[in-house]
Amino acid sequence: MKWMDRERSFWVIGGDLRQRALARLLREDGHTVHIAGLEGEGLEPEPLGPGLALAHCVILPLPVAVGESFVHTPLSAARLPLAQVLDCLRPGQLVCGGMISPAVTAEMTRRGLRWADYYAREECMVANAVPTAEGAVQVAMEELPITLHSARVLILGFGRVGKLTAHRMGALGAKVTVSAQSYEDLAWAAAYGYETDRLEDLAWELGGFDLVVNTIPAPVLDERRLRWVAPGAFLLDLASAPGGIDRAAAQRRNLQVLQAPGLPGRVAPVTAAAAIRDAVYHILWEQEA
C-alpha cells in the first residue's frame with residue numbers, strides 16, 4: 001500500500017501470539033513499534049506513559065479486556081488496568097481493538113477517543129475463518145480415532161467458518177452434512193453438494209455423526225439434543241464464548257467435547273496477525289483519506 005510507505009508509530013498492547021507477530025510485521029513494514037503487556041519479537045515491554053499519546057494508532061488485543069477492567073495479556077505477567085491505558089491517550093487519538101465490548105467503547109467514547117474494531121471488519125473475519133477451518137481439521141485429525149475420509153461430519157451453521165470448514169473436510173473425503181437456520185444457507189449448502197438438515201428439526205439425526213462441529217455463537221446443543229448424540233462422537237465447538245454446546249450436559253453423558261475458540265491465534269498466529277495488520281491499515285486509510 002503506497003500510502004503506508006510513510007513511517008507510522010504504533011503501540012501494540014497486550015494480546016497473544018497474534019499480537020506478538022503483529023509487532024514484528026509492523027516493524028518489517030518500516031514502522032516504529034512499542035509494546036506493553038507483551039513479550040517477544042525482539043522488543044522489550046515499555047511502561048505506560050506520555051509516549052502513548054504520540055502514537056498514530058494504539059492496537060489493543062482480541063479480545064480487548066478481561067472482565068472489562070484489565071487488558072488481555074496472556075503472554076505477560078503484567079496486569080494492565082484498561083483505564084490506565086486509556087488515560088494515557090489524547091482526545092481524538094485512534095485506538096483499534098478486537099471484539100470491543102459496549103462497556104469498553106463507552107469508556108473510550110467518554111474520553112473522546114476515536115476507536116475501531118478490526119475484528120468486526122469483513123475482510124478480517126474472512127481472513128481469520130481460513131486458519132479457523134484449517135485448525136478444525138487439525139484438531140479433528142488429532143482427536144478422532146478414524147480418518148476424516150468417510151467420516152460422517154455435521155457442521156452446525158454455514159457462515160464464514162462453517163462454509164470453509166465444510167469445504168476443507170469435504171475435500172478430505174468426509175461425508176458432510178450442514179445444519180443451519182436460514183433457507184438461504186441450506187440452499188447454498190445443497191448447491192455445494194452437502195446434505196442438509198434444518199437446525200430447528202435437528203434431533204435423532206445427531207446419532208448418525210462421528211464429528212459435530214459447531215460454529216454458531218448461541219446455545220445449540222443443549223441437554224435435550226445431546227441425548228441423541230452417538231456415545232463415541234467428538235464434539236468440536238468453534239464458536240465464541242460461551243459457545244454453543246452445553247459442556248456440563250455433555251460431560252454428564254460422557255461425550256467428548258472440546259471448546260476451541262480463537263484457533264487462528266493457536267494454529268496460525270502469523271496469518272492471523274497479517275489479517276489484523278491489514279484491517280488496521282484499512283482503518284487508517286479510511287480515516288485519513
Side-chain angles (χ1 to χ4, degrees), residues 62-63 98-102 117-137 139-140 148 151-230 233-247 249-250 255 257-264 272 275 279:
L62 168 66
M99 297 177 64
I100 307 177
S101 69
D117 191 327
Y118 52 73
Y119 194 67
R121 297 181 65 93
E122 183 69 12
E123 71 268 29
C124 190
M125 287 191 284
V126 171
N128 269 280
V130 174
T132 299
E134 291 188 7
V137 170
V139 171
L148 276 174
R152 299 163 299 172
V153 177
L154 175 65
I155 308 292
L156 299 176
F158 205 57
R160 305 172 196 87
V161 172
K163 286 183 175 70
L164 291 171
T165 302
H167 176 74
R168 278 151 178 74
M169 291 191 175
L172 289 172
K175 299 175 181 177
V176 176
T177 298
V178 171
S179 183
Q181 185 171 11
S182 78
Y183 292 114
E184 179 181 348
D185 285 343
L186 292 172
W188 275 112
Y192 287 133
Y194 307 126
E195 296 294 323
T196 61
D197 270 317
R198 186 159 166 76
L199 188 62
E200 285 79 357
D201 300 331
L202 197 61
W204 62 267
E205 298 92 343
L206 285 162
F209 298 101
D210 305 299
L211 169 64
V212 179
V213 181
N214 176 60
T215 69
I216 302 171
V220 178
L221 291 184
D222 54 13
E223 188 154 19
R224 176 182 62 85
R225 280 179 168 152
L226 286 171
R227 67 189 176 94
W228 294 105
V229 175
F234 174 50
L235 307 178
L236 177 59
D237 198 348
L238 303 179
S240 303
I245 300 175
D246 186 335
R247 296 179 67 186
L255 295 172
V257 56
L258 176 65
Q259 190 169 7
L263 274 179

If we only count heavy atoms from C-beta on, is the [X] to [Y] side-chain gap below 4.5 Å?
| X | Y | value |
| --- | --- | --- |
| E195 | V176 | no |
| V139 | F234 | yes |
| K175 | Y194 | no |

Is [X] reaching over with its side chain to a backbone N or O of [Y], donor-acceptor style, under 3.5 angstrom?
| X | Y | answer |
| --- | --- | --- |
| K163 | F158 | yes |
| T177 | L154 | no |
| R225 | V220 | yes |
| D117 | M99 | yes |
| D210 | A151 | no |
| R121 | Y118 | no |

Distance check, rounded to the nearest 0.5 Å: S179 atom OG versus D185 atom CG? 10.5 Å

Let me check something: any side-chain donor-acceptor pairs from residues 126-134 under 3.5 Å, sequence neighbours excluded? List them with distances.
| unit_1 | atom_1 | unit_2 | atom_2 | d |
| --- | --- | --- | --- | --- |
| N128 | ND2 | C124 | O | 3.0 |
| T132 | OG1 | N128 | O | 2.8 |

Which atom names give the shortest non-hydrogen contact between [X] and [Y], and what distance separates them?
| X | Y | result |
| --- | --- | --- |
| A136 | T165 | CB-CG2, 4.2 Å |
| T196 | A190 | CG2-N, 3.9 Å |
| D246 | A249 | OD1-N, 3.0 Å |
| L148 | L211 | CD2-CD2, 4.1 Å |
| A250 | V257 | CB-CG1, 3.9 Å |
| Y119 | M125 | O-CG, 2.9 Å |

Stepwise side-chain contact (heavy atoms from CB on, under 4.5 Å) test for T215 and L156: CA-CA 6 Å; T215 69; L156 299 176; 5.6 Å; no

Donor-acceptor pairs are to be reported for all side-chain atoms of residues 235-244 against protein atoms at under 3.5 Å, with residues two or more places apart or in another chain.
| unit_1 | atom_1 | unit_2 | atom_2 | d |
| --- | --- | --- | --- | --- |
| D237 | OD1 | N214 | ND2 | 2.9 |
| D237 | OD1 | A239 | N | 3.2 |
| D237 | OD2 | G244 | N | 2.8 |
| D237 | OD2 | I245 | N | 3.1 |

Is it the case that over 12 heavy atoms from other parts of the model lie below 6.0 angstrom from the CD atom of E123?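 Yes - once you tally the heavy atoms of other residues, nucleotides and ligands closer than 6.0 Å, there are more than 12.
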
State plainly whether the residues E122 and R160 are in salt-bridge range, i.e. N to O under 4.0 Å.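 Looking at R160 together with E122, the answer is yes, because their closest N to O distance falls below 4.0 Å.
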
For side-chain contact (heavy atoms from CB on, under 4.5 Å), just list the numbers for V137 and L172, CA-CA rounded to whole Å, side-chain angles, deciding distance to a tenth of an Å, and then say yes or no. CA-CA 9 Å; V137 170; L172 289 172; 3.6 Å; yes

Got a list of side-chain donor-acceptor pairs under 3.5 Å for residues 197-204, not counting sequence neighbours?
| unit_1 | atom_1 | unit_2 | atom_2 | d |
| --- | --- | --- | --- | --- |
| R198 | NH1 | Q181 | O | 2.4 |
| E200 | OE2 | Q181 | NE2 | 3.2 |

